[in-house]
Engineer: 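Take this structure, written in C-alpha cells, and hold onto it; I'll ask about it next.
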Amino acid sequence: MIRTVAIIPCYRHDKTLFNVIKEVQKNVTDIIVIDDGNEKSVADNINAIAKQFANVIVLTNEINIGKGGSVAKAIHFANVKGYSHAIQIDADGQHNAEDIKKILRLCKENPDCVISGAPIYDDDAPRSRVIGRKITNFFVHIETLSFMIKDAMIGFRAYPVNITDKIITEHNLKSRMTFDIEILVRLAWSGIKVLFFDTKVEYPKNGISNFKAIDQLRISWMHTKLCAYSFLTLPVRIFKNAR
C-alpha cells in the first residue's frame, strides 16, 4: 500500500512557502516542513503558515544543518510514522507541484523505485548551474557505471522511505548540497532503480539561492570519494549482480 508524505526543507524561503504547500496539498495531504535553523522572524512565519493548513508538521533544527541533514531527518521521521514514500520538493517554488500527479502514478506502478524529475530549464536558468549539473551527471555515470541517473541534482523526487532511511543511516548521509547526488548514487549501488519524468524547472525572479561557492568544493570532494569507492568495490558489485 502506498502512503505518501511530502517533505519541504525550508531555509529563508518563507515568502514562497505558503504557495508551495497550497499546490502540494492538491495531491498530497500530509506534509513535513523542516525549519532549518532560520532566524526567529522567519521561523515564526514558517510556523504561522503551517498552522493555516491541516496535516502539516514542522520539524525544527535549532541550527542550520543544511538541506541534506534536513531531508534525512524528515525521511527518518516519515519512516517512524509508517509512510511508504516521501516526495521531496523545494520551498522556493522552482518545481512544478502539478507534476506530483506523475510522481504518484509512477510510485504506484513502481513502488520499489526512486522517482525523480528530469529538469527542463527556461532561458533564465543560470548558465553556471546548468554546466555544473552536466559535470556532476558525467561523474555520476562513472560512479554508477550506467546512464540510469539522468539528473542527480534536482530536489524534486520521491523516495521509497524504508530503504532510503536505511542507506542514510548506514552511511551517515547528512551532508548539505551533496545529499541529493550521493543518496541517488548509493541507492543505485544498493540495487534501487531510478525512474525519471520530464519536469519544468523555473528560477524565480529575485529568488534566494542557498547554494554557496563552498558547496561546489564539497561536491568535487564527494565525487572524488565516490569515484574511488566505486572502482575499489567494482569486483564485489559485479559478483553480486552476477549471482
Side-chain angles (χ1 to χ4, degrees), residues 2 4-9 20 23-24 27-28 31-32 34 67-68 70-72 74-75 78-79 83-122 125 129-130 132-168 171 173 175-203 211 219 222-223 226:
I2 301 296
T4 306
V5 64
I7 292 174
I8 308 176
V20 172
E23 292 303 309
V24 169
N27 294 290
V28 177
I31 295 176
I32 302 169
I34 309 94
K67 182 180 181 180
S70 297
V71 173
I75 287 176
N79 197 21
Y83 291 98
S84 63
H85 291 78
I87 297 176
Q88 176 187 338
I89 185 169
D90 286 355
D92 61 2
Q94 69 172 284
H95 298 143
N96 181 10
E98 182 68 19
D99 282 343
I100 289 176
K101 291 179 181 177
K102 298 179 183 178
I103 293 176
L104 292 173
R105 175 178 57 80
L106 289 168
C107 282
K108 290 178 181 178
E109 295 172 355
N110 309 275
D112 297 325
C113 298
V114 175
I115 310 300
S116 179
I120 300 172
Y121 295 109
D122 284 337
R129 298 288 290 275
V130 174
R133 298 181 92 91
K134 290 181 179 180
I135 294 172
T136 272
N137 292 332
F138 169 78
F139 280 106
V140 166
H141 295 159
I142 293 174
E143 290 152 8
T144 60
L145 295 179
S146 79
F147 295 103
M148 177 178 67
I149 298 176
K150 295 180 180 179
D151 185 275
M153 295 188 75
I154 191 170
F156 187 33
R157 56 179 68 153
Y159 298 103
V161 167
N162 187 269
I163 182 62
T164 305
D165 189 32
K166 180 181 178 182
I167 295 294
I168 288 170
H171 300 283
L173 300 186
S175 51
R176 292 178 177 265
M177 292 295 185
T178 63
F179 176 85
D180 287 340
I181 306 165
E182 186 168 3
I183 187 61
L184 278 196
V185 171
R186 291 195 178 276
L187 283 167
W189 284 347
S190 69
I192 302 299
K193 292 183 179 179
V194 186
L195 305 180
F196 287 85
F197 64 93
D198 290 337
T199 186
K200 188 175 180 180
V201 175
E202 297 180 351
Y203 282 85
F211 193 90
I219 290 173
M222 177 207 64
H223 282 309
L226 291 180

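Worth knowing before you read on, the calculation uses all heavy atoms, side chains too, and leaves out hydrogens, waters and symmetry mates. Bear in mind that the values here come from a model prediction, so they are computed numbers and not experimental data.
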Engineer: Specify the closest pair of heavy atoms between K67 and G155, including all atoms of both residues, with the distance to one decimal.
Structural biologist: NZ-CA, 3.8 Å
Engineer: Would you name the heavy atoms of G68 and F179 that are closest together and state the gap between them?
Structural biologist: CA-CB, 3.3 Å
Engineer: Under 4.5 Å between any side-chain heavy atoms of F156 and D99, yes or no?
Structural biologist: yes
Engineer: In sequence, state the C-alpha distance, the side-chain angles, and the governing distance for D112 and I163, and then conclude on side-chain contact (heavy atoms from CB on, under 4.5 Å).
Structural biologist: CA-CA 9 Å; D112 297 325; I163 182 62; over 6 Å; no
Engineer: What's the spacing between I149 CD1 and H141 NE2 if we round to 0.5 Å?
Structural biologist: 7.5 Å
Engineer: Do we see a donor-acceptor contact under 3.5 Å between the side chains of Q94 and D92?
Structural biologist: yes
Engineer: What distance do I100 atom CD1 and N27 atom CG have between them, rounded to the nearest 0.5 Å?
Structural biologist: 6.0 Å
Engineer: Do R133 and Y121 touch side chain to side chain, with heavy atoms closer than 4.5 Å?
Structural biologist: yes
Engineer: Using 0.5 Å steps for rounding, measure from the CD1 atom of I120 to the CG atom of D151.
Structural biologist: 11.5 Å
Engineer: Run the numbers on D180 and L184 for side-chain contact (heavy atoms from CB on, under 4.5 Å), then give the verdict.
Structural biologist: CA-CA 7 Å; D180 287 340; L184 278 196; over 6 Å; no
Engineer: Could you tell me whether the side chain of H223 reaches within less than 4.5 Å of the side chain of I181, counting heavy atoms only?
Structural biologist: yes
Engineer: Just wondering, do H85 and I103 contact through their side chains at under 4.5 Å, heavy atoms?
Structural biologist: no
Engineer: Compare every heavy atom of A91 with every heavy atom of P9, then report the nearest pair and how far apart it is.
Structural biologist: O-CB, 3.5 Å
Engineer: For residues S116 and I154, determine if any side-chain heavy atom of one lies less than 4.5 Å from a side-chain heavy atom of the other.
Structural biologist: yes
Engineer: Side-chain contact test, heavy atoms from C-beta onward, threshold under 4.5 Å: evaluate it for I168 versus V71 and give yes or no.
Structural biologist: no
Engineer: Between N110 and L106 (side chain of the first, backbone of the second, donor and acceptor by atom type, cut-off under 3.5 Å), is there such a pair?
Structural biologist: yes
Engineer: Taking all non-hydrogen atoms of both residues into account, name the closest pair between T199 and G117 and its distance.
Structural biologist: CG2-CA, 3.8 Å
Engineer: Does the side chain of N137 reach to within under 4.5 Å of the side chain of K134, using non-hydrogen atoms?
Structural biologist: no
Engineer: Under the criterion side-chain contact (heavy atoms from CB on, under 4.5 Å), I'd like the reasoning laid out for Q88 against I183: C-alpha separation, chi angles, the key distance, then a yes or no.
Structural biologist: CA-CA 13 Å; Q88 176 187 338; I183 187 61; over 6 Å; no
Engineer: Are V20 and H95 close enough that some pair of their side-chain heavy atoms sits under 4.5 Å apart?
Structural biologist: no
Engineer: Consider side chain to side chain contact (heavy atoms under 4.5 Å, CB included). Of I2, V5, T4, I7, which one does Y83 pass it with?
Structural biologist: V5
Engineer: Nearest 0.5 Å, please: how far is CD1 in I219 from OG1 in T178?
Structural biologist: 7.0 Å
Engineer: Could I get the full list of ring-ring contact (aromatic ring centres under 6.0 Å, His included) partners for H171, not counting sequence neighbours?
Structural biologist: none
Engineer: Can you list every pair that meets salt bridge (charged side-chain N to carboxylate O under 4.0 Å, His left out) and has a residue in residues 182-199, with sequence neighbours left out?
Structural biologist: E182-R186
Engineer: How close do I192 and C113 get, counting heavy atoms only, and between which atoms?
Structural biologist: CG2-CA, 4.3 Å
Engineer: Please report the closest heavy-atom contact between A158 and C107, naming both atoms and the distance.
Structural biologist: CB-SG, 3.7 Å
Engineer: Using the rule given for side-chain contact (heavy atoms from CB on, under 4.5 Å), can you reason through L226 versus W189, listing the C-alpha separation, both sets of side-chain angles and the distance that settles it, and then say yes or no?
Structural biologist: CA-CA 11 Å; L226 291 180; W189 284 347; 3.8 Å; yes
Engineer: What's the separation between atom CZ in R157 and atom CZ in F196, rounded to the nearest 0.5 Å?
Structural biologist: 7.0 Å
Engineer: So how far is it from D90 CG to I8 CD1, rounded to the nearest 0.5 Å?
Structural biologist: 9.5 Å
